[in-house]
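Heavy atoms only: backbone and side chains are in, while hydrogens, waters and symmetry mates are out. In what follows, every chain begins at residue 1, and chains take the letters A, B, ... in the order their sequences are listed. Every value quoted in this text rests on a predicted model; they were computed, and no experiment measured them.
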Protein chains: 4
Amino acid sequence: MAFRSGRHFLQIPGPTNVPDRILRAIDRPLIDHRGPEFVALTEQLLEGLKKVFKTSGPVVVFPTSGSGGWEAALVNTLSPGDRILMFDQGFFANGWQAVAERHGLQVEALAQDWRCAVDAGELADKLAADEQHSYRAVLVVHNETSTGVANDIGAIRAALDQTGHPALLLVDTVSSLASIDYRHDEWGVDVTVAGSQKGLMLPPGLSFNAVSEKALTAAETAGLSRSYWDWRPMLEANAVGFFPYTPATNLLYGLHESLAMLLEEGLDSVFARHARLGEATRRAVVAWGLEVYALEPAAVSNSLTAVIVPEGHDADALRATILDRFDMSLGTGLGKLKGKVFRIGHLGDFNELMLAGTLCGVEMGLAAAAVPFEPGGVQAALEYLGA
Amino acid sequence: MAFRSGRHFLQIPGPTNVPDRILRAIDRPLIDHRGPEFVALTEQLLEGLKKVFKTSGPVVVFPTSGSGGWEAALVNTLSPGDRILMFDQGFFANGWQAVAERHGLQVEALAQDWRCAVDAGELADKLAADEQHSYRAVLVVHNETSTGVANDIGAIRAALDQTGHPALLLVDTVSSLASIDYRHDEWGVDVTVAGSQKGLMLPPGLSFNAVSEKALTAAETAGLSRSYWDWRPMLEANAVGFFPYTPATNLLYGLHESLAMLLEEGLDSVFARHARLGEATRRAVVAWGLEVYALEPAAVSNSLTAVIVPEGHDADALRATILDRFDMSLGTGLGKLKGKVFRIGHLGDFNELMLAGTLCGVEMGLAAAAVPFEPGGVQAALEYLGA
Amino acid sequence: MAFRSGRHFLQIPGPTNVPDRILRAIDRPLIDHRGPEFVALTEQLLEGLKKVFKTSGPVVVFPTSGSGGWEAALVNTLSPGDRILMFDQGFFANGWQAVAERHGLQVEALAQDWRCAVDAGELADKLAADEQHSYRAVLVVHNETSTGVANDIGAIRAALDQTGHPALLLVDTVSSLASIDYRHDEWGVDVTVAGSQKGLMLPPGLSFNAVSEKALTAAETAGLSRSYWDWRPMLEANAVGFFPYTPATNLLYGLHESLAMLLEEGLDSVFARHARLGEATRRAVVAWGLEVYALEPAAVSNSLTAVIVPEGHDADALRATILDRFDMSLGTGLGKLKGKVFRIGHLGDFNELMLAGTLCGVEMGLAAAAVPFEPGGVQAALEYLGA
Amino acid sequence: MAFRSGRHFLQIPGPTNVPDRILRAIDRPLIDHRGPEFVALTEQLLEGLKKVFKTSGPVVVFPTSGSGGWEAALVNTLSPGDRILMFDQGFFANGWQAVAERHGLQVEALAQDWRCAVDAGELADKLAADEQHSYRAVLVVHNETSTGVANDIGAIRAALDQTGHPALLLVDTVSSLASIDYRHDEWGVDVTVAGSQKGLMLPPGLSFNAVSEKALTAAETAGLSRSYWDWRPMLEANAVGFFPYTPATNLLYGLHESLAMLLEEGLDSVFARHARLGEATRRAVVAWGLEVYALEPAAVSNSLTAVIVPEGHDADALRATILDRFDMSLGTGLGKLKGKVFRIGHLGDFNELMLAGTLCGVEMGLAAAAVPFEPGGVQAALEYLGA
């Protein structure tokens, strides 16, 4: 590969740019995972995570990727043949559905426009019609990483509440946690799935399940077989500061630093920063005369923006040009969006000038790849950011 | 915790001392896991791993701990209710058995003295008696980390061959791979399970399955449900340089360095070094008038030594004294060995003087904890190492 | 200090952004500076440095800052009372002059406009008039870091040659080496002074003297007292791979990596990249309706740009606003330029998008600080960079 | 070079083993050395240093090696032709003398046995005889790194006091500071010279001058020319949090961590630890039947031990054997001790088991190199350390 001077712009919507403080933290010698120093570490991590998930209940940490977190949420709470209800929201919702199906769950996915938020009203109708309470769980992706659409989890909760439906609520926050406001307890979520490599600013390799009392009760009788993902031995071991199998110590060091950084900045400041950078990005897209994939202003994601490439142009060719010419990685279109959109990640350890450089790269890249656009997107973003 | 000057001696049998070259490698910025640079990395890793497992077949890399690797080996090859045969070899064999049972497999564990190698003859008898070939798999731990007993996998293979039994052979090499000679192909192993945090000198967080053709065929029809652990999408993605879900990039950087180091030293030199350091350790134990837990000279482990503490003394009290006085972590007795043995890890990135310091710590610790012993263990080790 | 998310933009004209490869290199355990491994390191460094200075003669490495390199150049070649000729070129030229005067040298500094290159013709006149050859040395700063004016060292050499004047030629390349083409041998320079923290992309702490045969001869009789700076014991020790006193090992590790990076990119590519980024910067300044401090197109620096702030505005107030609002450090005006200019560093480990982010920060900062300017500077830079 | 597994034992008496905390600290991105964050760093460093030197006066930090600190101490306080009095104590005292002589100082070095502490009585006699107070300064090395002899600086002070001699007292503490108790103010030292790479546990590259009021007064009239080493601009800049030239930022990050570590451990604990490890080393040497070079029990160094190799054997051949066989670096014999002694460094970030490993390496090395010795040195050390 040719030598590239300067810093690569990693503007995929995760893994995100890992800050130096975290990289240095994971670069520390191992300690005995059964010793007293480890107990202190575990306790600090588990307390800190509660603040980030906004829960008073337990948060389980698995050495795995986000997909493992999805699987854990399902196998701890459900039984073979259980019916679950979800939305055809995007590539990652589809992926979670596939995990469920591979484990013998019956999934009903409500059709909808990927460009729009999920329809809590339609969900309420479905739930109301389910008089036998045959649905055991509702699965929603808070922030679809493939589309840049963010959903209103409070409204989903309300749909469950107003219909009095007892289904469990399982939510994927892989690309929203620690970037977009999220409230596990307040929204009555039963299992929140998250990953390390987005808003938590860590390398990939950890996934999380925040777990409600109701979910813990469900785990008592859930019939899907499980061992690695089983919450029970995990919670037992965690209670005394340990893990039931060797934990990914160095990533836990990083998590310790991540939590410290998030609390130093303050979660509200973190969310405000993401909102500001998201808005600047969208203004640039509009000024370029391009279309943000997310249609509804209320449902745009503040952690990433999917941008539609004009008909007749290939988003991946544009991405390749930008990588080659300007050493920046952007997110590819996933699933049915392949070639049609590119995605700009603006989450994690990120600031105004990093975003400005990113948007400059997109603007120059559009020109270099001969994608039709109006210059001025960067200018529009700067006017917003500089105001 | 009180300030401790100098380097902690992490002499548990894993996680092992991660060399600086690897710590620095994992402390590198993320790259796009769907980009061209990643493809090159993946290809190098998958080729390098074959050399370490001594196989021409695929090696699957999971972001997980060793327990995840156990689970993957089972769910890819077996169906609910399948019978498997294994030995009551030690704490980790018991652990693997528990994983199997949680997934509804019927496990028959042959009773035996934990201090001895598994009895291939007894296995052959069992297999010969199984005329319907009802056992679908034989599970063996190559090197039991809880006992310090190493087993002859070639003899196990021979037992299968001489009885013409078609059972799959699944082997745990978590604490032997890259420390003690191991030959996936030559020994006809179907699935070899390994972890990152022992002989590979990495932090925990990766687990491996080396997979035979026969195992791949079994995976076609295996009935246990699986998604995260499924080899098939993994092998498909690996074939073009990717992973089906976000891989643990920074640990993969470390793996790249680990493979480079192992090949620089040469596997034969790695094994010889471990043999030499293991022998020195055992000579020290004998000179102290203590007993190595492993009874048979042919079955001693070269990656760790479990040492029996005299009746009336508590191995964990000794360990606590050594940690407190000399800042060294030793391995605890696991399961039924709790309090009865301590374990000295002498594997991974390790050399003569590190071992010498370790043995000095044990010798001083025995005195400090008032465990009866003969001085001179260190002397005996030095005479061997210095010769 | 308030928490700042994302990466700080360190756009002072040095120390520059140290690339991760170099930071990781300096974060390595020490080795014996009198052992065989060190000999190999020293040899590689001294060979590599010759390529960067474009010399076949020795390059001396001091553990010191750039000011130490200035002092070394003087005390090795001159005697108390010696006359030297230089230009009043800028803050750093003045600084070098002060060093010379503190050591009892008689300095004549030719007055000139700091915004212009030094006048080789005037120098030639001076030298021609000096029939007794009373000037022992001519001192020039290749690239004045305080003004962003780059000078033609070849023309200076020609002035010496055409007048047949035997004065030594001492050149400061602190902010040009490895950024702007420089040729120690071809330009007949006797001592080239450089530092680690600019184009070499290292932390500060090393300074260099590339030394001609003529300078070595001068050192035989130079009367200024010296010990630490003495080239002779240094060259003697270097010849066998060592240093006369403990070298700054970890910075030498970094230098090893720096040389590797420069040779991977290729010096011509390095220079072309700096030229391109410098030109983009100047186009932005012009489009803003501001003035580049360097007046002559042939004498603009490609490693930094000093920008004049309109009358009635304070450059340092602007810098403070930019630091506060956009987390970017720019260079202050030095000496008589205090408050009148700010300086944008665009050298070292740097690329198009980093520059784009930088210029966006300046453009937003000008607005935020209410400095009058025309928007569009970023746009102008992007048009140039994207073409 | 052949691959070496495990950690190198760097047991030269400096540079010492740099702890990971410090290595990680120096591996951080640069900041603006003229910005507000730097001011805070500078202030913390200068305050912390006072505690380590036990002074209420200023401590000057130079980017240089220890030799630079020697030179700085001289050129700031003395004038050409000044007479100074010192001892022929060892290789480093001789080195300091050479620096003085190169700057035109007249040095009188009192002859003495290198194996013994300097004789304060003889010094008192000399001073008493100097009725004209022609000696301007007395130079002493607190802990001679070449001999392992430590001196009583309080007694030197007393010699000056009892004779009422006004000479300045300049002391080298390069290998004692932060290892052996040292009291700049209490002992009335005028300039204390130290370096970064020994007890401060940093890489080489910084040197220090702690400066008394009297020394500052001397600096007003000192006639030696100086620029880089000049305390005055340094103290002026330090007063507002800056440095007169670009400081070695990353080593300053390391210094910040070093000071934190020393204060966490507590200086008294640091000294007690060194005393304990030094005593253990000497007991080993005696048990081997070898001779510690330092003759007097009251004057043994706790930071290193020089060991005499029996007549007819070459210390460097022994060192080469130990490096080759056991991957440990020991200190060479310097100057007239070349080949006659080897030196064991036991200072800095060091503990019992690291020392035990070190002594094991020496004991095995003596055997491997066929140097006559009695086995049992390690045993003797363990008995002491384990008690």
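Residue with the most contacts toward chain B among D/V270, D/N351, D/L353: D/L353 (heavy-atom pairs, distance under 4.5 Å). With respect to chain D, the highest number of heavy-atom pairs below 4.5 Å among B/S5, B/G357, B/G386 belongs to B/S5. Looking only at heavy-atom pairs under 4.5 Å with chain D, the residue among B/R4, B/E264, B/M201 that has the most is B/E264. Looking only at heavy-atom pairs under 4.5 Å with chain D, the residue among B/C360, B/A356, B/G348, B/G266 that has the most is B/C360. Per-residue counts of heavy-atom pairs under 4.5 Å with chain D were compared for B/G361, B/G365, B/G6, B/A367; the largest is that of B/G6. For the set D/R273, D/M328, D/M364, the count of heavy-atom pairs under 4.5 angstrom toward chain B peaks at D/M364.
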Show the numbers, then the answer: is there a side-chain contact (heavy atoms from CB on, under 4.5 Å) between B/L23 and D/D20? CA-CA 11 Å; B/L23 286 173; D/D20 284 319; 5.6 Å; no

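Taking CG from B/L385 and CZ from D/R325, the interatomic distance works out to 9.0 Å, rounded to the nearest 0.5 Å. How far CZ of D/R24 is from CZ of B/R24: 4.0 Å, rounded to the nearest 0.5 Å. Taking CZ from B/F3 and CG from D/L263, the interatomic distance works out to 10.0 Å, rounded to the nearest 0.5 Å.
Ionic pairing of B/D349 and D/R7 is not present here: no N-O contact between side-chain nitrogen and carboxylate oxygen is shorter than 4.0 angstrom.
When all heavy atoms of B/E352 and D/F326 are compared, the closest pair comes out as CB-CD2, 4.3 Å. Taking every heavy atom of both residues into account, D/G376 and B/Q379 meet most closely at N-OE1, 4.4 Å.
Interface residue D/E265: backbone and side-chain heavy atoms are both found under 4.5 Å from chain B. In this structure, chain B has a heavy atom under 4.5 Å from the backbone of D/A387, while its side chain stays farther away.
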